[in-house]
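Have a look at the structure below, then the notes.
Source: prediction; values computed, not measured.
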Protein chains: 2
Amino acid sequence: MTRIGSRTTGRPTLAEVARLSGVSPITASRALRGISTVAPELVEKVQVAAASLGYVANPAARALASKQSQSIVVLIPSLSNHLFIDTLEAIHDVMRPRGLEVLIGNYHYDIAEEENLIRNYLAYQPRGILLTGFDRSDAAKQLLASSGVPCVHMMELGGEAQAMSVGFSQQQAGRAAARHLLERGCKRPGFIAAQLDPRVMQRAEGFRQALAEAGLNAYGREVLAPQPSSIELGGELFGQMLGRHPEVDGIFFCNDDLAQGAILEAMRQGIKVPQQVAMVGFNDLPASAHMVPRLTSIRTPRAAIGRCAAQALLGLLDGKRGQPKCQDLGFELVVRESS
Amino acid sequence: MTRIGSRTTGRPTLAEVARLSGVSPITASRALRGISTVAPELVEKVQVAAASLGYVANPAARALASKQSQSIVVLIPSLSNHLFIDTLEAIHDVMRPRGLEVLIGNYHYDIAEEENLIRNYLAYQPRGILLTGFDRSDAAKQLLASSGVPCVHMMELGGEAQAMSVGFSQQQAGRAAARHLLERGCKRPGFIAAQLDPRVMQRAEGFRQALAEAGLNAYGREVLAPQPSSIELGGELFGQMLGRHPEVDGIFFCNDDLAQGAILEAMRQGIKVPQQVAMVGFNDLPASAHMVPRLTSIRTPRAAIGRCAAQALLGLLDGKRGQPKCQDLGFELVVRESS
DNA sequence: GCAGGGCAAGATAGCGCTATCTTGAAGCGA
DNA sequence: TCGCTTCAAGATAGCGCTATCTTGCCCTGC
């Protein structure tokens, strides 16, 4: 009879599996972990016993004994933004089949909150950490470095010399947008951005560079807002742009939702896109291809970044050598009706 | 000197905190957990020591010793759908300040996968589980029941007698949409749906009931597709509706993205909304208020459901009695230009 | 035939915490 | 003053696993 009221949980333990299959607990442990030194017929017996008891190993005990959890941590700056969802799902798709739990930390674009999350999540002894970009507090970097937990950086490239990164050049993407507008004959291009996180500012920098190279005033027509980007804000900022710079004939938006809001606002105001103002978005969100007019956008490999970053991390865990430090997955200008 | 190469992790332990503050480990443990039987000056000393060492308790050890993790599990059918993001964020906002980790399980609308996730997540000995709806395998229900882990069901109401639920009546929402179309003078209303999960079908049922009560053929004009809903699919299904039932003069969409796709498709085809076809969406997603025409929709309390469900679960954990079994948070018909 | 190597299986000893029991000093009334 | 309760603090004993060391068997080869 089971002892009721003891400190036990009622869940079957490895010891019970071992007893049922007539081996020692350590052999049962090895059998279930697929360690090859166990005889095939014992493995079979143990698996049958485990299945019949509905045994699932206690992750806490496992983590404590082995000094390693089966979890990996992903730190992202926002969940409400559709962007990171695709990346997260791809990460899940890679990690779960390997039995790794994905712990998600959302730091709401707040460096201090990120540092805090890192401190707390390191206590879980994760197998690895996936980070967004390179912009974090020195204390956070210090924590990560001294923990020895493998890290992969997503979205941006470069960063610290030793850092592993999977992403694309935000700056080049900004340049590509500018060049496209110029090629389409825009003489007075403008830039609308929100959130103003480091990646947005890199795109802005690329955009400005390309304008400067074309002999235009790089900072001529910009409307920047610190709040999170949204369709609603896109309409507003577009209105502000028209008020301040009525001559604008092409706009690059740092995110598609802003551009979508602007397209809808333009329709309300009877402004013709692209005849009066061309528009180029960023990220190629699902709605963009269906706007009227369909939105030209820079498609970013969000899912691929998640997948490759996850795989790179697994590579680090398996001790694979010779992995590239820096994976540039590029981006793609998808030209549609709005430009 | 610390022993290198031993089985230890290098992270500071409770024992070190205790040594540094001159108390026993158990007293340090109690001090850090805020257990009131420790003298204030000792608490202070322990906290100072912990801070100076950068001590963060090992969750695995804590979970193993106490038979309880500091995590709660949320099972949702999809992440890519914007719907559950709002709910998830609200749950996080309630749980994290209480020091609870949120483990997210996405079962991709697959009952078998959900059962599997439940089996695996129960091994974490979570403090509680938040579930989506009531539609799951008997084995899953059995697992949950015998685990004794408190559960709260989100999105739908009712279900099993003992179950705690926070949501709204999907059926009533479907009725409300139908009644609104009828009030607006629609004589030949139709219904477009995708995904066809249980909640969608409940809305369909409510919609049909209201039509029947008005003396109309309840199943007259329906276009149902099993694949996930999306803007693109909305345009397609709208096209199918027009092909099969050209007389349709008002459509209820089971999700806003379908309606958005239909509005955009209507614009392309030169079909006037609402003059030729009125449209009513569901969920009031962010873009809906900005469509041209602005989309009438049924606003669902997604964030509130997450928040209330999380609070209800905390209530169960704290052993609060007399909580309502069933919290109906209602919904709101937001009438805009499309109807 | 026997020493030695190889290797499957088991015994042992924790991992870093907390539940529970024990101790001892202080407080209090008779 | 004494015996009682009260309660802060500590000692002890695991939680359920796995790393590591040990055992003992079998197979070689000379």
Are any protein N/O atoms closer than 3.5 Å to N/O atoms in nucleotides 5-9 of chain C? If there are, list each pair with its distance.
residue	atom	partner	partner atom	Å
C:dA8	O5'	A:Thr37	O	3.3
C:dA9	OP2	A:Thr37	O	3.4
C:dA9	OP2	A:Ala39	N	2.8

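- Rounded to a whole Å, the CZ atom of B:Arg19 is 14 Å from the P atom of D:dG10.
- Partner of A:Ile72 under the side-chain contact (heavy atoms from CB on, under 4.5 Å) criterion, chosen from A:Leu100, A:Val152, A:Val149, A:Leu314: A:Leu100.
- When all heavy atoms of A:Tyr121 and A:Ile104 are compared, the pair lying nearest together is OH-O, 3.1 Å.
- Taking atom CD1 of B:Ile35 as the reference point, atom P of D:dA9 lies 13 Å away to the nearest angstrom.
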Let me have the donor-acceptor pairs involving side chains of residues 38-58 of chain B, under 3.5 Å, with sequence neighbours excluded, atom names and distances please.
residue	atom	partner	partner atom	Å
B:Ser52	OG	B:Ala49	O	3.0
B:Asn58	OD1	B:Ala60	N	2.8
B:Asn58	OD1	B:Ala61	N	3.2

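- Closest non-hydrogen pair, B:His82 versus A:His82, comes out as CD2-CD2, 4.3 Å.
- Residue B:Gln70 contributes atom CD, which lies 14 Å from atom P of C:dC17 at whole-angstrom precision.
- The shortest distance between side-chain heavy atoms of A:Glu16 and A:Arg19 falls below 4.5 Å.
- Atom-to-atom, CD of A:Glu16 to C1' of D:dG16 comes out at 11 Å; the value is rounded to the nearest Å.
- The side-chain hydrogen bond (donor to acceptor under 3.5 Å, both in side chains) analysis of residues 134-147 of chain A, with sequence neighbours excluded, yields the pairs A:Glu114-A:Arg136, A:Glu115-A:Ser137.
- Counting all heavy atoms, side chain and backbone alike, A:Cys151 lies closest to A:Leu316 at O-CD1, 4.1 Å.
- Between B:Ser29 and the phosphate of C:dT18, there is a side-chain N or O to OP1/OP2 separation shorter than 4.0 Å.
- For the pair B:Leu64 CG and C:dA19 P, the interatomic distance rounds to 12 Å; values are reported in whole Å.
- Distance, A:Arg62 CZ to D:dC15 P: 18 Å, rounded to whole Å.
- Atom pair A:Gln68:CD and D:dG16:P shows a separation of 22 Å (rounding to whole Å applied).
- In this structure, the OH atom of A:Tyr124 is 13 Å from the P atom of C:dC17, given to the nearest Å.
- When all heavy atoms of A:Pro77 and A:Thr132 are compared, the closest pair comes out as CD-OG1, 3.6 Å.
- With sequence neighbours left out, the salt bridge (Lys or Arg N to Asp or Glu O under 4.0 Å) criterion links A:Arg302 to A:Asp86.
- A side-chain N or O of A:Gln68 and one of A:Arg127 form a donor-acceptor pair less than 3.5 Å apart.
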Seminar exercise, completed: Intra- and inter-strand pairing of DNA chain C, written as dot-bracket with Watson-Crick and G-U pairs under 3.5 Å and | for the latter, reads ||||||||||||||||||||||||||||||
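- Between the side chains of A:Glu113 and A:Asn106, no donor-acceptor pair of N or O atoms lies under 3.5 Å.
- Sorted by residue number, the list of members of residues 43-61 of chain B with any non-hydrogen atom under 4.0 Å from DNA chain D is empty.
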